[in-house]
Amino acid sequence: MRLSIQAEPFDFGAESASFAASAAALGAGAVVTFCGIVRDNDGILTEMQIEHYPGMTEKAVASMLDQAMVRWDLVDALVIHRHGRLVKGDIIMMVATASPHRAAAFAAADYLMDYLKSRAPFWKKEHARGDAVWVDAAPQDEAALDRW
Amino acid sequence: MRLSIQAEPFDFGAESASFAASAAALGAGAVVTFCGIVRDNDGILTEMQIEHYPGMTEKAVASMLDQAMVRWDLVDALVIHRHGRLVKGDIIMMVATASPHRAAAFAAADYLMDYLKSRAPFWKKEHARGDAVWVDAAPQDEAALDRW
Amino acid sequence: MIDVLYFAWVRERIGVPRERVETSAATVADLVAELVAREDRYALAFSDLTSLRVALDQELSTFDATLAGVREVAFFPPMTGG
Amino acid sequence: MIDVLYFAWVRERIGVPRERVETSAATVADLVAELVAREDRYALAFSDLTSLRVALDQELSTFDATLAGVREVAFFPPMTGG
């Protein structure tokens, strides 16, 4: 189990590969990964700034990982989440889960994403055409938590 | 959209990275990947042989990909599936899906896995201690199709 | 003439991966009945049709389907991909 | 004395990321009332509590929670991670 909250970019491919290799050695039969990417819906985004709450972020994410490990009896789980300045096309974050069977790996990754969206203290601000706007939380993201 | 049915190993990390990079360029905000790994429950597996139906396999998987692309309005999707001889810890196959939002990427990857399990013409045979046994289809894999 | 393909343990029981079969069977079930009548190895492979699947020209089908116009029939156990 | 932290647009409206506050407020709501009474920038930041979240010692909490023993209070909008 590993989590990293970092300003630096990370290598999604290399992280996926090393996660899968170590999960394989631990007896996993199924690995699910997710990565989130900065989008630019209107073609005007100059940058995204992600603020977070150092200390609480790590505690909140560690708690989600613990919950997921126990609830789905995972072999391993990983969260990497960037903060600071990002631009269109940058990878914001990734989740990976490993389990003997696919249903648990899918459910745990889906759960981690829902909780990271709405319960980890990150806030996104989009800069475009000289304006900067805090991204509103989507009602469906809050509602998604009721699934768990 | 890409599919490859192949005997050769593939690089899950490199495939994940290039899929995410091209999806990002196409406006995706969410990428989900899955990889399946040869397990050895009892510590006695010497090898796994995967047989397939050349021709039908490609048609069946292409049809699943088409269905997923349309149903979830995906930005991109990928299936790579090996056949032939594999050993414990080898990556058997992967799926990747890309979408503007995470719910569609998760659902499409989950759907593709359910269909690959039960509707793509692959058969696994496990060799252990001189015995070779065809893997039985799991009833829950057939039942999983009812979700879609 | 029709190409008949076998996979996994169906192939192993019948002993060949494919063969050309001279038949006038109207349906898949008729073809199976003809094969079963030929030799024990077919009877063994087709002893429980509920554990078998059939594809016609590389599309999953059913045992009551017609063979009219079909060039390739494949028999195999439930698939175990992924 | 308690550490009060602000994030995202709450931080921007109040103008500082954190401050030490001398207070004897019993609950989070009492603390908010004290801050709002101080200056307009607090009133602006706390004008709609339904759009705010609060954490006590880095755990999500609620506005009716007690501040007894709490060292760090943080106010912020709904999170938008992932």
Side-chain angles (χ1 to χ4, degrees), chain B residues 3 5 34-39 48-64 79-83 86 91-95 109-127 131-145, chain C residues 1-21 23 27-28 31-32 35 40-82:
Chain B
L3 77 93
I5 311 301
F34 175 93
C35 82
I37 299 165
V38 178
R39 287 198 307 145
M48 172 180 280
Q49 288 282 351
I50 301 181
E51 184 169 336
H52 79 118
Y53 183 171
M56 178 171 168
T57 310
E58 289 79 1
K59 285 170 64 174
V61 175
S63 164
M64 292 168 199
V79 169
I80 304 175
H81 203 304
R82 293 184 64 190
H83 56 85
L86 292 91
I91 293 182
I92 304 168
M93 50 76 65
M94 75 173 284
V95 157
D110 203 357
Y111 164 93
L112 284 169
M113 284 309 305
D114 280 353
Y115 272 80
L116 284 165
K117 274 274 169 197
S118 305
R119 291 291 182 271
F122 292 100
W123 300 274
K124 294 188 180 121
K125 190 176 197 177
E126 293 180 340
H127 296 252
D131 273 354
V133 178
W134 290 100
V135 174
D136 280 328
Q140 67 267 30
D141 285 336
E142 188 64 30
L145 297 182
Chain C
M1 293 288 276
I2 201 162
D3 285 309
V4 185
L5 282 66
Y6 311 107
F7 292 96
W9 57 255
V10 183
R11 171 180 55 71
E12 290 176 340
R13 289 187 189 174
I14 291 175
V16 294
R18 63 188 299 154
E19 57 189 329
R20 286 181 67 77
V21 174
T23 181
T27 67
V28 176
L31 174 63
V32 169
L35 293 169
D40 280 356
R41 59 194 170 103
Y42 293 100
L44 183 66
F46 290 110
S47 61
D48 177 12
L49 292 189
T50 65
S51 67
L52 286 184
R53 301 290 179 267
V54 60
L56 302 183
D57 289 332
Q58 308 191 350
E59 297 275 356
L60 278 177
S61 189
T62 53
F63 285 87
D64 59 0
T66 173
L67 289 178
V70 170
R71 290 161 305 165
E72 183 173 300
V73 179
F75 295 104
F76 42 77
M79 294 154 273
T80 54

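Here is how names work: the chains are called A, B, and so on, in the same order as the sequence lines, proteins then strands, and each is numbered from 1.
Here the straight-line distance linking atom CZ of C/F76 with atom CH2 of B/W123 works out to 5.0 Å at 0.5 Å rounding. To the nearest 0.5 Å, atoms CE (C/M79) and OG1 (B/T57) are separated by 10.0 Å.
Residue with the most contacts toward chain C among B/R82, B/M93, B/K117: B/K117 (heavy-atom pairs, distance under 4.5 Å). In terms of non-hydrogen atom pairs under 4.5 Å with chain B, the most contact-rich of C/A74, C/P77, C/P78 is C/P77.
At least one side-chain heavy atom of C/E12 sits under 4.5 Å from a side-chain heavy atom of B/W134. Residues C/R11 and B/E51 meet the side-chain proximity criterion, which asks for heavy atoms closer than 4.5 Å.
With a 4.5 angstrom heavy-atom cutoff, B/H52 touches chain C only via backbone atoms. For B/A120, the part sitting under 4.5 Å from any heavy atom of chain C is the backbone (N, CA, C, O) and nothing else. For B/D136, the part lying near chain C is the backbone, with the side chain staying farther off; criterion is any non-hydrogen pair under 4.5 Å.
Taking all atoms of both residues into account, the shortest heavy-atom contact from B/V135 to C/T80 is O-CG2, 3.4 Å. Closest approach of C/Q58 and B/Y53 over heavy atoms only: CG-OH, 3.6 Å. The nearest pair of heavy atoms linking B/F122 to C/G81 is CB-CA, 3.6 Å. B/K59 and C/D57 get closest at one heavy-atom pair: NZ-O, 3.3 Å.
The backbone N or O of C/W9 lies less than 3.5 Å from no partner atom in the side chain of B/K125, so there is not a single donor-acceptor pair.
No more than 12 heavy atoms of other residues, nucleotides or ligands sit less than 6.0 Å from atom CG of C/D40.
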